[in-house]
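Below is one structure, written out as structure tokens; the observations come after it.
Basis for what follows: all heavy atoms, side chains included, without hydrogens, waters or symmetry-related copies. Protein chains get the first letters and strands the later ones, always in sequence-line order, with residue 1 at the start of each.
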Amino acid sequence: MANDKSSLQLITRGILSENPIFKLALSMCPAVGISTTVMNGFMLGVAVLFVQVFSSVTISIFKNVIHPRIRIPTYTLTIATWVTVIDLVLAAYLPEAYAKMGIFVKLIVAFAIITMRLEMFACKEPVKDSFWDGMGMGLGFMVGMMAIGFVRELLGSGAILGYDVLGFKPLLFFILPSAGFFVVGLMMAFFNWIEVYYKRSKGLK
Amino acid sequence: MMRTRIQYIVLATLIFFIAPLSALAEGLIVDQTFSGKNQIIVTLSGPVDKVVAENIDNYTVFEEADPDIILALSSATLGKEGKNITLVFKDPLNMVKTHVVAAKNLAGIDKTTFKVSKSYLGYLFGILISALLINNFVFTKYLGLCVFFGTSKKKSTAKGMGVVFTMVIVVSALMSWFFFNYILTPFNLNFLQIVVFIGLVSLTVQAVDTVLRKVNPILFNSFGVYLVLVIANCVIIAVPLILANNNYNIFETFMLALGAGGGFLLALYLMSAVSERLQLAKIPPTFKGLPIAFIVAGQFAMAFLGFSGLQVF
């Protein structure tokens with residue numbers, strides 16, 4: 001990963017070409033578990049963004065002090081500390097949203113995406129780039145969660161952000177818990193299809 | 001010296017366990033069980049007066065954990081020989097909890113108190129079955145999906161991962177229980193839950209790695225690679241958090257961990273059996289790989305919904 005990337009490139013990479021949910025297929029548990037509404041996706045996205053950015057910056061600052069052999073435990077403890085912070089903050093100031101997300105806020109500590117970014121990026125690159133990389137990955141996760149939430153909320157209850165837009169409920173099935181698997185699978189297939197279609201149209205030119 | 005002390009300890013524990021049994025058998029009440037959804041059947045040693053026994057004002061029933069909430073009775077009926085009483089409640093009872101029944105003026109005794117509970121082993125077994133099937137961590141709680149999709153390509157991989165995972169989760173859950181009950185709770189350090197639990201998990205993984213490498217190198221060669229993946233699995237941190245939330249005791253913790261590990265093994269094995277077949281099937285190119293795996297998992301999740309009404313004991 002070259003140093004000359006601008007902040008904008010780092011952010012768009014996290015959202016599009018290396019989207020944590022649809023491209024890297026990491027951190028799938030919340031994408032299936034609590035993506036029933038756009039709001040849920042947004043709230044958990046904020047929590048992940050916070051943890052990702054702060055852990056990336058922390059590791060990037062201390063990267064020269066951390067001995068390579070104990071780097072993984074260090075990453076884990078850093079993430080756990082920031083997760084504790086966001087967990088307590090959400091529980092104190094947004095108890096309703098926190099109750100909806102349940103155990104998933106605490107489980108951010110086991111998300112593969114955060115550890116992976118620390119290992120691949122933050123332990124080598126300067127603080128500024130790590131910040132933007134964490135920002136990109138966090139935003140990518142948030143966008144992915146909100147996209148799944150959008151599809152499920154629109155098709156399942158005919159609403160967006162709690163406001164009734166369709167006036168009827170097209171497919172109640174999508175709001176049921178087990179539909180999370182189907183929605184994620186179908187959306188992945190849809191993005192694959194777009195990619196194949198795009199490449200084919202380019203090839204034809 | 002040491003030996004006599006151990007004997008005393010054993011004797012004391014035996015008395016501790018047996019004493020309640022003898023106390024129950026002595027009195028008026030011979031047997032008490034739950035029946036149906038909202039009934040308690042009490043068997044008595046001798047016949048009692050019908051008017052007293054059928055007056056619902058004479059009974060006070062509550063769950064042992066919260067004595068303030070008195071459960072409402074709708075009727076009490078005396079059996080034909082006057083030896084058993086059926087207490088019918090207005091609302092369904094939570095049969096996992098121990099219920100305390102206090103009866104007034106029964107057979108001339110001012111107040112008779114007794115406890116009704118299910119057999120504890122049955123309850124423990126219920127926790128195991130619940131974690132294994134009804135609340136399967138992969139298919140009904142949607143946890144541990146990254147590792148689940150990563151290692152369910154082949155049956156042999158699935159078995160290896162499942163067994164290693166079960167081993168680690170049982171050890172780490174028991175350790176977390178000790179830390180939670182003897183360090184975190186007494187010193188009011190509950191906000192450190194996440195840090196302590198994830199630290200313990202890493203420690204367990206490292207310990208199992210070292211021990212296995214020395215003790216059984218052959219097993220290590222086949223299972224060692226999965227150890228690293230265990231730590232990236234949300235289930236392993238979810239179990240300590242659940243047991244801390246529910247105040248489980250050590251037996252319940254053991255059963256929950258065993259059920260979680262076994263459930264993960266079951267899910268992996270089922271999924272790998274399908275994956276092996278999928279490799280031979282004709283799948284549309286856009287669905288190849290993860291998308292079709294997700295849809296299969298969705299079907300499994302729907303199938304596992306069928307277990308939701310299951311009640312053992």
What part of [X] is in contact with chain A, defined as an atom under 4.5 angstrom from a non-hydrogen atom: side chain, backbone, both or neither?
X: B:V138; answer: backbone
X: B:F300; answer: neither
X: B:L305; answer: side chain
X: B:Q193; answer: side chain

If every non-hydrogen atom of [X] is compared with every non-hydrogen atom of [Y], which pair is closest and at what distance?
X: A:A80; Y: B:I198; answer: CB-CG2, 3.8 Å
X: A:A110; Y: B:C234; answer: CB-CA, 3.9 Å
X: B:P291; Y: A:G185; answer: CB-O, 3.5 Å
X: B:S202; Y: A:T76; answer: OG-CG2, 4.5 Å
X: A:N192; Y: B:T286; answer: ND2-O, 3.1 Å

When heavy-atom pairs shorter than 4.5 Å are enumerated against chain A, which of [options] gives the highest number?
options: B:I295, B:L203, B:V296; answer: B:I295
options: B:Y142, B:F197, B:F191, B:F148; answer: B:Y142
options: B:L143, B:L241, B:I194; answer: B:I194
options: B:G144, B:A301, B:P284, B:A297; answer: B:A297

Self-check item: Heavy-atom pair count under 4.5 Å with chain B, highest-scoring of A:V183, A:V196, A:I79, A:V184
Solution: A:V184
Quiz prompt | Residue selection (most heavy-atom pairs with chain B, distance under 4.5 Å) from A:T115, A:L88, A:L107 | solution = A:L107
Above 12 or not: heavy atoms from other molecules or residues under 6.0 Å from [atom1] of [X]?
X: B:M302; atom1: CE; result: no
X: A:K100; atom1: NZ; result: no
X: B:E276; atom1: CD; result: yes
X: B:W177; atom1: CH2; result: yes
X: A:Y98; atom1: OH; result: yes
X: A:Y75; atom1: OH; result: yes

Quiz item: Taking it one step at a time, do A:F182 and B:Q299 satisfy side chain to side chain contact (heavy atoms under 4.5 Å, CB included)?
Solution: CA-CA 8 Å; A:F182 289 98; B:Q299 286 168 336; 3.9 Å; yes
Quiz item: Between A:F181 and B:F149, what is the ring plane arrangement, given parallel below 30°, perpendicular above 60°, and tilted in between?
Solution: perpendicular
Self-check item: Region of A:F104 that comes under 4.5 Å of a non-hydrogen atom in chain B
Solution: side chain
Quiz item: Hey, does A:T84 have a side-chain heavy atom less than 4.5 Å from the side chain of B:L192?
Solution: no
